[in-house]
Q: 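Mind having a look at this structure? Questions to follow.
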Amino acid sequence: MSKKLLLKDAHIEGIRYFETYRKQGGYEAAEKALKMTPDEILEEVKASGLRGRGGAGFPTGMKWSFLAKPEGVPRHLVVNADESEPGTFKDRYLMEFLPHLLIEGMLISSYCLGSNTSYIYIRGEYSWIPDILEEAIEEAKAAGFLGENILGTGFDLEIYVQRGGGAYICGEETALLESLEGKRGNPRLKPPFPAVKGLWERPTVVNNVESIAAIVPIMDITGAEYAKIGVGRSTGTKLISACGNINKPGVYEIDMTITVEEFIYSEEYCGGIPNGKKLKACIPGGSSVPIVPANLLLKTINGEPRYMNYESLADGGFATGTMMGSGGFIVLDEDQCIVEHTMTLARFYNHESCGQCTPCREGTGWMYKILKKIENGQGKMEDIDLLWDIQRKIEGNTICPLGDAAAWPVAAAIRHFRDEFEWHIKNPELSQTQNYGLANY
Ligand code: NAD
Ligand code: SF4
């Protein structure tokens, strides 16, 4: 059984409220941290090996150490709670059931980074959660863990919750900052990174909800102990939101040593695939990461089991591997149509493109139209090569990663499931009337 660090108290009734959270040892990590110097906390975070849980997996300690500290310029911590990646709903779970874990993590992190005003930018569709967070902020303030001169340390902190307007692109950190400043959420060119020029051009750390929540157990058990959990550079625990064709969809905390097979089939996690169906493919890290067919999902190309961690999922690069991403684990059984699935994603990225760069604005629209044509039985064989060509021209040629995120699912679908595209083209009548599921993957 995986070790639980973040969700260990999630089952306790009333854990959402300060009193219960405190009874379970809540805010003790903050009390400990506030007796340390910011540099000592930074060393713990670096020692933990924690990697950003939003999707990119960038080392959190390294990101914090990049924060510029010009004299007299305020710095900010911004929590990215604009969780919009299809298949990803772990941050929602944390905020809904354990809001104080996030607030405590923000207190420790803000103290370490020297932020006296920190923000939570939350996805607009999570309409009921800001009230939960604001209530937790008020409770923490009443207990002396927020506001002025926290625990007599002289450190002041205010936390504000900002609701997003429902645009996926505002989860991209620089678009988020633009939106937080009251502007249209268009991504900025990087560099400069937010750590140097972020909110209102001030040094800013933008971290995912789960990354900041993980700071609490790191302070609790020490960075060195946290680093002992997991394997290699995949330290600590990771939340996985599992959905699709599985018996037990939900949010699971894993320690990144279990295999993909165990995660899908064991009763502790997804509980297998309904109706005895076979596994066809999986997207393990949210819709932006490449889809992988079952044969490459359960084993690497070298015949090793594939594990639920950053390195093993990526093994073989994009040709045979995928990515841990945000941990949005989507399972497809043998009845699912890969062309329809890819078309749905293409429509999503086309709709969510901010339109700033031509390859993304135009390319996502083209990909959607071509996929729709193929799905509806009106495609030609050369359309598959055209699709391939368009996705290649998008990848790496845009301001923000939405372009790559739109290109990769198309590339992976063609690479691994070309026969399904061809089947739609060769069987126009059938493809208009039924979904094609290939049972042999
Ligand atoms: P990125 O690799 O550009 O950056 C990762 C983080 O490291 C950023 O905060 C960036 O500012 C920082 N960073 C990188 N190099 C730096 C440097 N030299 N100096 C200072 N800071 C530096 O990736 P990203 O655009 O932040 O994230 C992309 C990922 O987001 C995708 O892979 C996808 O998995 C994920 N994603 C998640 C969601 C979600 O809902 N959770 C939605 C869409 C995409
Ligand atoms: Fe906007 Fe797409 Fe360019 Fe990102 S890649 S800035 S979403 S047009």
Side-chain angles (χ1 to χ4, degrees), residues 51-68 77-92 94 121-123 125-126 164 167-178 184-199 203-212 238-241 283-290 310 313-314 318 322-329 345 348-365 367 393-409:
R51 293 169 67 173
R53 303 301 199 218
F58 194 83
T60 305
M62 193 187 292
K63 190 192 275 192
W64 288 15
S65 67
F66 287 157
L67 186 68
L77 168 69
V78 175
V79 170
N80 187 345
D82 194 70
E83 182 177 54
S84 314
E85 181 83 328
T88 313
F89 46 92
K90 62 179 180 80
D91 295 338
R92 180 182 81 187
L94 272 180
Y121 183 99
I122 184 163
R123 175 180 180 183
E125 289 90 339
Y126 287 175
Y168 171 74
I169 195 57
C170 288
E172 194 284 327
E173 61 177 1
T174 59
L176 184 156
L177 296 174
E178 288 284 302
R184 184 189 158 108
N186 280 355
R188 302 172 183 167
L189 272 171
K190 293 193 283 190
F193 289 95
V196 175
K197 218 172 178 186
L199 189 62
T204 303
V205 161
V206 184
N207 270 144
N208 170 258
V209 171
E210 186 188 345
S211 310
I212 293 299
K238 173 86 189 86
L239 296 185
I240 305 288
S241 56
I283 302 144
S287 63
S288 303
V289 311
Y310 291 94
L313 284 171
F318 287 165
T322 177
M323 287 160 82
M324 185 77 165
S326 57
F329 196 89
L345 286 185
F348 171 78
Y349 288 113
N350 178 229
H351 179 71
E352 298 297 341
S353 166
C354 83
Q356 272 194 108
C357 7
T358 311
C360 172
R361 184 188 61 240
E362 302 299 325
T364 54
M367 291 198 301
K393 290 200 164 84
I394 299 174
E395 190 196 2
N397 292 318
T398 57
I399 294 173
C400 90
L402 189 142
D404 295 342
W408 291 341

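Residue indices begin at 1 and follow the sequence shown. In listed order, ligands and their atoms are each counted from 1.
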Q: Hey, is ligand 1 close enough to Ser288 that some N/O pair sits below 3.5 Å?
A: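 Checking ligand 1 against Ser288, no N or O pair falls under 3.5 Å apart.
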
Q: Please report whether ligand 1 has a polar contact with Lys63, defined as an N or O pair separated by less than 3.5 Å (distance criterion only).
A: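 Min N/O separation from ligand 1 is below 3.5 Å for Lys63.
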
Q: Would you say Cys357 has an N, O or S atom lying under 2.8 Å from atom 3 (Fe) of ligand 2?
A: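 Short answer: yes, at least one N, O or S atom is under the cut-off.
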
Q: Write out the residue and atom name of the closest protein heavy atom to atom 39 (C) of ligand 1, then the distance separating them to 0.1 Å.
A: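 Ranking protein heavy atoms by distance from atom 39 (C) of ligand 1, first comes Glu85 CB, 3.5 Å.
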
Q: Could you walk me through whether Arg188 and Glu178 pass the salt bridge (Lys or Arg N to Asp or Glu O under 4.0 Å) test, one step at a time?
A: CA-CA 8 Å; Arg188 302 172 183 167; Glu178 288 284 302; 2.7 Å; yes

Q: Within 45° of the six-membered ring axis of Phe58 and under 6.0 Å from that ring's centre, is NZ or CZ of Arg51 located there?
A: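 Pair Arg51/Phe58 does not count as cation-pi.
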
Q: Report the nearest protein non-hydrogen atom to atom 25 (O) of ligand 1: residue, atom name, distance rounded to 0.1 Å.
A: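 Looking at atom 25 (O) of ligand 1, the protein heavy atom closest to it is Pro401 CG, 3.2 Å.
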
Q: For atom 24 (P) of ligand 1, what is the closest protein heavy atom, and at what distance to 0.1 Å?
A: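 Here the closest protein heavy atom is Ala56 CB, 4.2 Å.
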
Q: Which of the numbered atoms in ligand 1 are under 4.0 angstrom from any heavy atom belonging to Glu83?
A: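 Near Glu83, the atoms of ligand 1 are 40 (O).
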
Q: Checking contacts here: is it the side chain or the backbone of Pro194 that comes within 4.0 Å of ligand 1, counting heavy atoms only? Could be both or neither.
A: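 Just the side chain.
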
Q: Go through ligand 2 atom by atom and flag the ones less than 4.0 Å from a non-hydrogen atom of Ser353.
A: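 What qualifies from ligand 2 is 2 (Fe), 8 (S).
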
Q: Can a donor-acceptor pair be found, under 3.5 Å and without considering hydrogens, that links the side chain of Gln356 to the backbone of Pro187?
A: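 Yes, the answer is positive, given that a donor and an acceptor are paired below the 3.5 Å cut-off.
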
Q: Compute whether any side-chain donor of one residue and acceptor of the other, for Asn80 and Asn207, lie under 3.5 angstrom apart.
A: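 No pair is found: no donor N or O on one side chain lies under 3.5 Å from an acceptor on the other.
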
Q: Checking contacts here: is it the side chain or the backbone of Thr364 that comes within 4.0 Å of ligand 2, counting heavy atoms only? Could be both or neither.
A: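 Under 4.0 Å from ligand 2, Thr364 contributes no heavy atoms.
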
Q: Just to confirm my output: which protein heavy-atom neighbour is closest to atom 10 (C) of ligand 1, and how far is it?
A: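 Of every protein heavy atom, Glu173 OE2, 3.0 Å lies nearest to atom 10 (C) of ligand 1.
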
Q: Looking only at distance, does Phe58 have an N or O less than 3.5 Å from an N or O of ligand 1?
A: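 Looking only at distances, the answer is no, because the N/O contact criterion of under 3.5 Å is not met.
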
